[in-house]
Amino acid sequence: MLQVAKEATYLTKDGKPFFYLGDTCWSAFTNISDGEWAYYLNKRKAQGFNVLQINILPQWDASQTELNYEPFKLIDGKWDYFSINESYFEHARSLCQKAKEQGFELALVVLWSNYVPDTWASKFYDRGILKKEALDAYIEMVDRTFSDLDPIYIISGDTDFQSELCESNYIDACRKLKAKAPHLLYTTHIKGRYSYIPQGLEQQLDFLMFQSGHNHKDLSMPYTLPQEMAAKYPGKPLINAEPCYEEMGYSGGENGQWTKQDIRRAAYESLLSGAGAGITYGAAGIYSWHTLLSEFASEIGEGFARPKPWQEALQFPGAWDYGFIHSLWNTYGLYDLVPAQELLLSPNPRFRISKAHDGTILIYTPYNSELKLQLDSSLYEGIAIDLENRYVSTLELKAKDFGTYIEKTYFHNDVFYILKRKK
């Protein structure tokens, strides 16, 4: 079972550091057949993923599906939240059991934003709000279906908190579920480029999630949001649970889409800026489980362009880049990270520096550059990794009057530096 480490900057499993590498598969319970699920699990396991983020209830902006999984009785186009369809939850549990058998941890969203009043998404949803009067029965079903599988419960999904009514819905949902399953970890998923969590909810959470999101007009979000969150809510692990998705169109219907290098940048910037407990990958076409002939409502919400079919999205190469991050963190024991921007002379906010528990220094640069560090070069030896090709180069750390100088490498794009203390 997962726990928060005593250092409160990362998670543990069976007493050992656990790097949370999640995949965004929000629509699994409604859009994926059993055969597709087996193929998906096998691929993601091979790539190094260990957590699956899934929405318990149907994703409001999922791609159209011919499957018919309905969690509640449908009356005149709206759900009767007092009439729970137990077969829906039985099917969802079977998918979770198969994932657990493959070694995955589950991160399950209890109430996506469209199900709760006074959120940005509730106005788009035509099947109605889950009323507070129906919450007890729903929470009981969630606990009975999933809690013995030791999931992480993500209380909210893609949410903002626009009123006391909205906040009280989430606070009550968390309190009720924690009363039934107090041994599990709890967190929340808030909307992109947002950092507010109501005090009554935040106090119940074990670690915090944020999402740097899919808006290309401010590329600082992966490193400014964790700094902001750490200042507001100190003492809890942080995870960027929704950086930009690979090949996702820019939000707001803007022309362009996120590349493999974009998503790498978002990951490393977050990890070295205070959100070192893990990272989540997303592929456009996977989160909504899009099929070739299905409809996709590009005009609602953030207005994303129609994605590629899931069969193609599952082959996007960026997933391997995220799996490589997991391998690096495990190989070098990169946990209990503390941002260390003060080591960088001639500060550049796009260059991120952090220290691990054993003094290892980690540096990410989105392009090849010389480095000037306030550091004693005689104490360290290091390597540079070309993140595009995963080439590895040894480094010469040159002593200068200001500290340490590292020349530009032979690489051409983003670079990750690991400086270990000499023994």
Determine, for Glu140 against Lys180, whether the closest basic-nitrogen to carboxylate-oxygen distance falls under 4.0 angstrom.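 Answer for the salt bridge query: yes.
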So that I can tick it off, tell me whether Asp148 and Arg93 are bridged by a salt bridge, with the cut-off set at under 4.0 angstrom between side-chain N and carboxylate O.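 Salt bridge flag = yes for Asp148 with Arg93.
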Counting N and O atoms only, with roles assigned by atom type, does the side chain of Thr365 sit under 3.5 Å from a partner on the main chain of Asn368, one being a donor and the other an acceptor?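 Side chain of Thr365 to backbone of Asn368: no pair is present.
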Closest heavy-atom contact between [X] and [Y]?
| X | Y | answer |
| --- | --- | --- |
| Ala107 | Ile154 | CB-CD1, 3.7 Å |
| Pro151 | Leu108 | CB-CD1, 3.9 Å |
| Met209 | Met229 | O-CE, 3.8 Å |

Can you tell me if [atom1] on [X] sees more than 12 non-hydrogen neighbours from other groups inside 6.0 Å?
| X | atom1 | answer |
| --- | --- | --- |
| Lys43 | NZ | yes |
| Lys132 | NZ | yes |
| Glu66 | CD | no |
| Asp218 | CG | yes |
| Glu164 | CD | no |
| Tyr391 | OH | no |
| Lys232 | NZ | yes |

Please determine whether side chain to side chain contact (heavy atoms under 4.5 Å, CB included) holds for the pair Phe416 and Leu272, giving the CA-CA distance in whole Å, both sets of side-chain angles, and the decisive distance to 0.1 Å. CA-CA 11 Å; Phe416 185 57; Leu272 300 191; 4.0 Å; yes
In sequence, state the C-alpha distance, the side-chain angles, and the governing distance for Tyr233 and Tyr196, and then conclude on ring-ring contact (aromatic ring centres under 6.0 Å, His included). CA-CA 10 Å; Tyr233 316 109; Tyr196 172 68; 7.9 Å; no
Just how far is it from atom CG of Asp158 to atom OG of Ser113, taken to the nearest 0.5 Å?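 Here the rounded value is 5.0 Å.
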Assess the residue pair Ser63 and Ser288 against the criterion (side chain to side chain donor-acceptor pair (under 3.5 Å)); give the C-alpha distance rounded to whole Å, side-chain angles, the decisive distance to 0.1 Å, and a yes or no. CA-CA 5 Å; Ser63 296; Ser288 63; 3.1 Å; yes
Contact between Lys131 and Tyr81 at the side-chain level, heavy atoms closer than 4.5 Å - yes or no?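 Side chain of Lys131 against side chain of Tyr81, heavy atoms only: no contact under 4.5 Å found.
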Verify whether one side chain among Ser156 and Thr188 offers a donor that lies under 3.5 Å from an acceptor in the other.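 There is such a pair between these side chains.
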Do Asp143 and Ser147 pair up side chain to side chain, a donor and an acceptor below 3.5 Å, judged on atom types alone?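 Asp143 vs Ser147: donor-acceptor pair found between side chains.
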Tell me whether the rings of Trp26 and His189 are parallel (<30°), tilted (30 to 60°) or perpendicular (>60°).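 Correct class here is perpendicular.
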Determine the interplanar angle of the Phe161 and Tyr170 rings, folded into 0 to 90°, and report it as parallel if under 30°, tilted if 30 to 60°, perpendicular if over 60°.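 Ring orientation, 0 to 90° scale: perpendicular.
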Ring-ring centroid check [X] [Y], cutoff 6.0 Å:
| X | Y | result |
| --- | --- | --- |
| Tyr287 | Tyr281 | no |
| Tyr186 | Tyr153 | yes |
| Trp37 | Tyr40 | yes |
| Phe89 | Phe29 | no |

Set out, in order, the CA-CA distance, both residues' side-chain angles and the distance that settles side chain to side chain contact (heavy atoms under 4.5 Å, CB included) for Tyr39 and Leu314, then state yes or no. CA-CA 10 Å; Tyr39 174 51; Leu314 194 57; 3.7 Å; yes
Begin from the C-alpha positions of Glu36 and Asn31 and carry the test side chain to side chain donor-acceptor pair (under 3.5 Å) through to its verdict. CA-CA 10 Å; Glu36 293 167 345; Asn31 286 45; over 6 Å; no
Trace of the side chain to side chain contact (heavy atoms under 4.5 Å, CB included) decision for Leu21 with Ile279: CA-CA 5 Å; Leu21 182 61; Ile279 192 70; 3.7 Å; yes
Chi angles and distances behind the side chain to side chain contact (heavy atoms under 4.5 Å, CB included) call for Leu238, Phe207: CA-CA 6 Å; Leu238 289 172; Phe207 68 97; over 6 Å; no
Does the side chain to side chain donor-acceptor pair (under 3.5 Å) test come out yes or no for Trp289 and Gln59, once each step is laid out? CA-CA 10 Å; Trp289 211 254; Gln59 184 83 8; over 6 Å; no
Could you tell me if Arg44 sits above the aromatic ring of Phe104, with its cationic atom closer than 6.0 Å to the ring centre and no more than 45 degrees from the axis?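 No cation-pi geometry.
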Can you list the residues that meet the ring-ring contact (aromatic ring centres under 6.0 Å, His included) rule with Phe19, with sequence neighbours excluded?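 Applying ring-ring contact (aromatic ring centres under 6.0 Å, His included) to Phe19 gives His326, Trp329.
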